[in-house]
2 protein chains.
Amino acid sequence: MSIDPRSHTPVYVQLADLLRSRIESGELPPGAPLESEARLSQEYGIGRDAVRKAISVLRFEGLVTSSRGQPTQVRPRPERRQVEVPRGSRISARMPNGHQRRQMDMDEGIPILEVHSPDGTVQAFPADEVVLTCP
Amino acid sequence: MSIDPRSHTPVYVQLADLLRSRIESGELPPGAPLESEARLSQEYGIGRDAVRKAISVLRFEGLVTSSRGQPTQVRPRPERRQVEVPRGSRISARMPNGHQRRQMDMDEGIPILEVHSPDGTVQAFPADEVVLTCP
DNA sequence: TAGCATTTGTCCGTATGTATA
DNA sequence: CTATACATACGGACAAATGCT
């Protein structure tokens with residue numbers, strides 16, 4: 001498996017596809033560290049910019065997390081608890097903005113599930129923590 | 001409203017916050033073009049990289065769309081149609097991966113709403129096009 | 001405790017490609 | 001054809017957080 005710099009599909013997309021398939025196949029299980037950016041850059045003969053962009057793509061898909069001083073790792077998936085919504089609820093999803101995301105201490109790439117109850121109350125859940133059930 | 005390069009909050013976050021507030025306040029309505037990257041770079045005395053990163057943040061929040069040759073614009077919000085889900089459905093949300101997103105021709109920053117019906121069928125909707133209703 | 005190496009984050013500069021008007 | 005605008009890709013430099021010695 002390699003990367004073709006002359007392809008019409010951008011280098012960073014090729015690398016993102018490559019890493020994603022490794023994650024989804026289970027070769028890189030949840031919690032496993034990715035190779036460092038410098039290592040990937042060297043290994044595939046591409047710039048660090050392309051590597052960072054590829055990893056950024058995966059972050060915004062919710063597949064990996066990265067923070068300073070630590071290797072980027074495959075995102076552990078939390079257990080999803082079931083939440084029963086009232087009859088007549090309206091349910092929507094959207095991405096949180098920066099403020100909301102930092103306030104709720106959420107990773108990038110995780111949507112918010114919003115439940116509007118008939119009584120007017122609104123509840124918001126990080127989408128990776130819940131499954132809504134319709135009674 | 002200005003940007004402080006010596007602040008501990010990154011320049012691109014400051015610019016993203018600034019532009020986001022202009023969008024959410026309605027000063028930049030849906031469909032309106034943002035200033036060009038070069039213009040923003042010059043106007044706030046920051047690098048083009050920081051400008052691009054700020055705009056990328058807003059793209060992944062679903063607030064703007066950008067494509068080659070055209071100014072980045074505030075994302076027009078489509079009408080949300082109501083979809084009634086069967087009783088006993090389980091509802092979850094997640095970000096699409098690159099393949100799915102391109103196949104469904106979705107913008108970046110738009111989650112997918114998944115409805116698992118009791119009969120085993122699964123339906124997926126771009127989250128900005130629908131509101132689910134629980135009967 | 002202090003120091004060091006590693007890793008990711010931020011920022012800038014330059015160049016080239018590609019779509020649009 | 002030209003000018004504008006965004007996309008991709010490379011390079012370098014320094015900052016900040018982490019873990020280990």
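The sequence lines fix the lettering, A, B, ..., with proteins before strands; numbering per chain opens at 1. Keep in mind the model is a prediction, meaning the values are calculated, not measured.
Counting only residues at least two apart or on different chains, the salt bridge (charged side-chain N to carboxylate O under 4.0 Å, His left out) pairs with a member in residues 67-77 of chain B are B:Arg75-B:Asp107, B:Arg75-B:Asp128. Applying the side-chain hydrogen bond (donor to acceptor under 3.5 Å, both in side chains) definition to pairs two or more places apart or across chains, those involving residues 30-40 of chain B are B:Glu37-B:Arg48, B:Glu37-B:Arg52. For the salt bridge (charged side-chain N to carboxylate O under 4.0 Å, His left out) condition, the pairs that include at least one residue of residues 85-97 of chain A, sequence neighbours left out, are A:Arg94-A:Glu114. Residue pairs that meet the ring-ring contact (aromatic ring centres under 6.0 Å, His included) test with at least one member in residues 114-135 of chain A, sequence neighbours left out, do not exist here. Identified under the disulfide bond (SG atoms under 2.5 Å apart) test for residues 63-107 of chain B, with sequence neighbours left out: none.
The distance between atom CD of B:Gln14 and atom C1' of C:dC11, rounded to the nearest whole Å, is 13 Å.
Of all nucleotides in DNA chain D, those with any atom nearer than 4.0 Å to a heavy atom of chain B start and finish, going 5' to 3', at D:dA5 to D:dT8.
Remark: of the listed residues B:Val51, B:Leu58, B:Val57, B:Ile55, B:Val51 is the sole one forming a side-chain contact (heavy atoms from CB on, under 4.5 Å) with B:Leu15.
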Extract from the structure each pairing of a protein N or O with an N or O of nucleotides 13-21 of chain C at less than 3.5 Å, listing the distance.
| from | atom 1 | to | atom 2 | distance (Å) |
| --- | --- | --- | --- | --- |
| C:dG17 | N2 | B:Arg68 | NH1 | 3.3 |

Could you walk me through whether A:Arg59 and A:Thr65 pass side-chain hydrogen bond (donor to acceptor under 3.5 Å, both in side chains), step by step? CA-CA 6 Å; A:Arg59 263 210 320 275; A:Thr65 64; over 6 Å; no
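With a 4.5 Å cut-off on side-chain heavy atoms, B:Asn97 and A:Asp17 do not count as touching.
For the segment residues 31-43 of chain B, the set of residues with a heavy atom within less than 4.0 Å of an atom of DNA chain D comprises B:Ser36, B:Glu37, in numerical order. Annotation: proximity of residues 51-66 of chain A to DNA chain C (heavy atom, distance under 4.0 Å) is found for A:Arg52, A:Ser66, numbered in ascending order.
B:Asp49 meets the side chain to side chain donor-acceptor pair (under 3.5 Å) test with no other residue; sequence neighbours excluded. Considering only residues two or more places apart in sequence or on other chains, A:Phe60 meets the ring pair (Phe, Tyr, Trp, His ring centres under 6.0 Å) condition with B:Phe60. Looking at residues two or more places apart in sequence or on another chain, you find no salt bridge (Lys or Arg N to Asp or Glu O under 4.0 Å) involving B:Glu84.
A sub-4.0 Å separation between OP1 or OP2 of C:dC11 and a side-chain N or O of B:Tyr12 is absent.
Closest non-hydrogen pair, B:Pro86 versus B:Ser89, comes out as O-OG, 2.6 Å.
For the 3.5 Å distance criterion, the side chains of B:Ser21 and B:Glu24 fail to qualify, holding no donor opposite an acceptor.
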